[in-house]
Novice: 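Quick one: structure below, then a few questions.
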Amino acid sequence: MLDLKYVAQNFDAVVARLQSRGGSLDLGPFKSLVSERRDLYVAMESLSARRNTANEEMKRKAKEDPAALEALRGEMRTVSQTIKEKEARLKEVEEELSRILLVIPNIPHESVPVGGGAEDNVQVRSWGEKPNLPFTPKQHFELGEKLGMLDFERAAKVSGSRFAFYKGALARLERALVSFMIDVHTPKGYVEMLPPYLVLRETMMGTGQLPKFEEDAFKTVGEPERFLIPTSEVPVTNYHADEILDGDQLPRKYCAFSPCFRAEAGSAGKDTRGLIRQHQFHKVELVKFATPDTSLDELEKMTDDACDILRRLGLHHRVMLLCTGDMGFGARKTYDIEVWLPGQGTYREISSCSDCGDFQARRAKIRYRAQKGDKPQLLHTLNGSGLAVGRTTIAILENYQREDGSIAIPEALVPYMGGLKELRPM
RNA sequence: GGAGAGCUGGCCGAGUGGUCGAAGGCACCUGACUCGAAAUCAGGCAUACCGGGAACGGUAUCGUAGGUUCGAAUCCUACGCUCUCCGCCA
């Protein structure tokens, strides 16, 4: 959420910056609501001040002058009534304002290239090379099914489309990747976290998934309603909601494994085969809480921490700086890491690392105190996949495939696989 | 799910209709004392918004939302959360 005062004071500049993200932006009656809000506050405050002084008088007159007390009581009755009416209107105005503010995306940082979509993203670096496979590489789902280790048909029977059963050594590989990733991150200062997978509406509001993207989330029935997390960014970022952290404890770094649940509304027909786009997948997420002056630097480090996993697995990848039109709702700057998939013959996103500035912190009320005695101020939140586990499994299948359909296991994972060095049909 | 107790400032905790933004303590900051520190003493110390150059003044906030009242931390209603006991359960 953007700062009300900031938007009001820099209205045209803000609108211009937001339009670079593309899409429609309707700030509606924002400006008139802001001035009405202000007028209401002024009126209410002077009425309240009047009531408070009258109450002082009444305390005294209660004993000395019962007649005057009655007169005052009558007057105050109407004053109180007026205050209540103004209060009611103010509530409406504020609700309307926050309805508007809550669906405004973050303002892109000035270092973000302006562009309309993925084609305007800028490659900032790459690592490794495409593997030189002397045969026509297969896609991961074909490899997985031939191994007898991926079963989409039975998953559809049990759960509908966009689900999968992993079996045998491939299930173990997914589990091994989780442990491996966490073990790489924690020595770098990320505190391991196992978060709740169901969260309240206000938690989804805090990180920006709601109110705008409700159709993307799975929701439980019954009271209170809860949402299946689309990423552990949601519970972990909100872990510090309504808190004031000490400046000398920043940055705080967390690393959380969780399944992620996404309705994938609006992606009908996209990536329908295989593991690329499922309703449920695993992710190891990195979350940081940083001071405003360090957050961009922390974003660079976080992106590199995510890349480190791919380097250790020997997977060729590139880092893309997203343009204004391709960034997520809460981000002010985002790097996507794209891994090379030989079977698909394309790069696919395997991680997305974002600096959200104070956008989420304002929603979730996460602040810090730079020095003892200083005023609390909003901190900056960052999050990034480190990595999407299912897509890492895909990358291993496609990059380490052999002509006979077996899969070599990257050396770094062998200890996590109990010494197993390859996947063979079961 | 049932019964009971509770929810007050960074923390602990007093406060049952006006004198309460809220005693006292801890923590923290400043000053005195000290070579320095500890101890002690004095003072300060919530957040947000509005007005003001500032000093300062105003308004709101005692789990949340309503209600009663001229006036609510205090009374009433609902809800949430925490703790204890019982039941159930991986």
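So you know, we letter chains A, B, ... as the sequences are listed, proteins then strands, and number each from 1.
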Novice: Taking only N and O in the side chain of A:S46, is any of them less than 4.0 Å away from OP1 or OP2 of B:G58?
Specialist: no
Novice: Report the base-pairing partner of B:G53 (Watson-Crick or G-U wobble, both distances below 3.5 angstrom), or none.
Specialist: none
Novice: Map A:P376 and A:A49 onto RNA chain B by nearest heavy atom, then report which one ends up closer to the 5' terminus.
Specialist: A:P376
Novice: Using Watson-Crick or G-U wobble geometry with both distances below 3.5 Å, tell me the partner of B:C83, or none.
Specialist: B:G4
Novice: Rounding to the closest angstrom, what is the interatomic distance between B:C20 and B:A46 at atom C1'?
Specialist: 15 Å
Novice: Taking only the side-chain heavy atoms of A:K91 (C-beta and beyond), determine which of B:C50, B:G66, B:C70 contains the nearest atom.
Specialist: B:G66
Novice: Can you check the A:N55 CG to B:A60 P distance for me, whole Å?
Specialist: 10 Å
Novice: A:N52 side chain N/O closer than 4.0 Å to the phosphate oxygens (OP1, OP2) of B:G18?
Specialist: no
Novice: Tell me the partner of B:A23, counting only Watson-Crick (N1-N3 plus N6-O4 or O6-N4) or G-U wobble (N1-O2 and O6-N3) with both under 3.5 Å; none if nothing fits.
Specialist: none
Novice: Kindly say if A:K84 contacts the phosphate of B:U68, meaning a side-chain N or O under 4.0 Å from OP1 or OP2.
Specialist: yes
Novice: Of all the choices, B:A65, B:G71, B:C49, which nucleotide is nearest to the side chain of A:R51 once you look at every atom?
Specialist: B:G71
Novice: Name the residue closer to the 5' end of RNA chain B, choosing between A:M76 and A:R50 according to the nucleotide with the nearest heavy atom.
Specialist: A:R50
Novice: Under a 3.5 Å cut-off for both distances, is B:U69 Watson-Crick or wobble paired, and to whom?
Specialist: none
Novice: Any chance CD of A:E153 has more than 12 other-residue heavy atoms, nucleotides or ligands included, within less than 6.0 Å?
Specialist: no
Novice: Would you mind telling me which of B:U68, B:C49, B:U59 lies closest to the side-chain atoms of A:K5?
Specialist: B:C49
Novice: How long is the span from the CG atom in A:L250 to the CD atom in A:E298, to the nearest 0.5 Å?
Specialist: 9.5 Å
Novice: From the set B:G51, B:C70, B:G66, return the single nucleotide nearest to any side-chain atom of A:R38.
Specialist: B:G51
Novice: Any side-chain donor paired with an acceptor under 3.5 Å for A:D336 and A:S352?
Specialist: yes
Novice: A:D39 CG to B:U59 C1': how many Å, rounded?
Specialist: 16 Å
Novice: A:R367 side chain: which of B:A60, B:U47, B:C70 is closest?
Specialist: B:U47
Novice: Write down the distance separating the P atoms in B:A73 and B:G17, rounded off to the nearest Å.
Specialist: 13 Å
Novice: So which nucleotide from B:C70, B:C49, B:U47 ends up closest to the side chain of A:E45?
Specialist: B:C49
Novice: Give the rounded distance in Å between these two atoms: CG of A:L90 and P of B:C49.
Specialist: 15 Å
Novice: Identify the residue among A:D358, A:N106, A:D355 that makes a side chain to side chain donor-acceptor pair (under 3.5 Å) with A:R332.
Specialist: A:D355
Novice: Which whole-number value in Å describes the distance from A:L47 CG to B:U59 C1'?
Specialist: 11 Å
Novice: Rounding to a whole Å, what distance do you find between A:L40:CG and B:C50:C1'?
Specialist: 14 Å
Novice: Can you tell me how far P in B:C28 sits from the matching atom in B:U82, rounded to whole Å?
Specialist: 31 Å
Novice: In the structure shown, which nucleotide is the Watson-Crick or G-U wobble counterpart of B:A32, with both distances under 3.5 Å?
Specialist: B:U40
Novice: With rounding to whole Å, what would you report as the distance between B:A14 and B:C88 at their P atoms?
Specialist: 37 Å
Novice: Considering only the P atoms, how many Å lie between B:U84 and B:C70, rounded to the nearest integer?
Specialist: 44 Å
Novice: Mark yes when over 12 heavy atoms from residues, nucleotides or ligands other than A:E110 sit less than 6.0 Å from its CD; otherwise mark no.
Specialist: no
Novice: Select one nucleotide: of B:U47, B:C70, B:A60, the one nearest the side-chain heavy atoms of A:S48.
Specialist: B:A60
Novice: Going by atom types only, do A:Y400 and A:E422 share a side-chain donor-acceptor pair under 3.5 Å?
Specialist: no
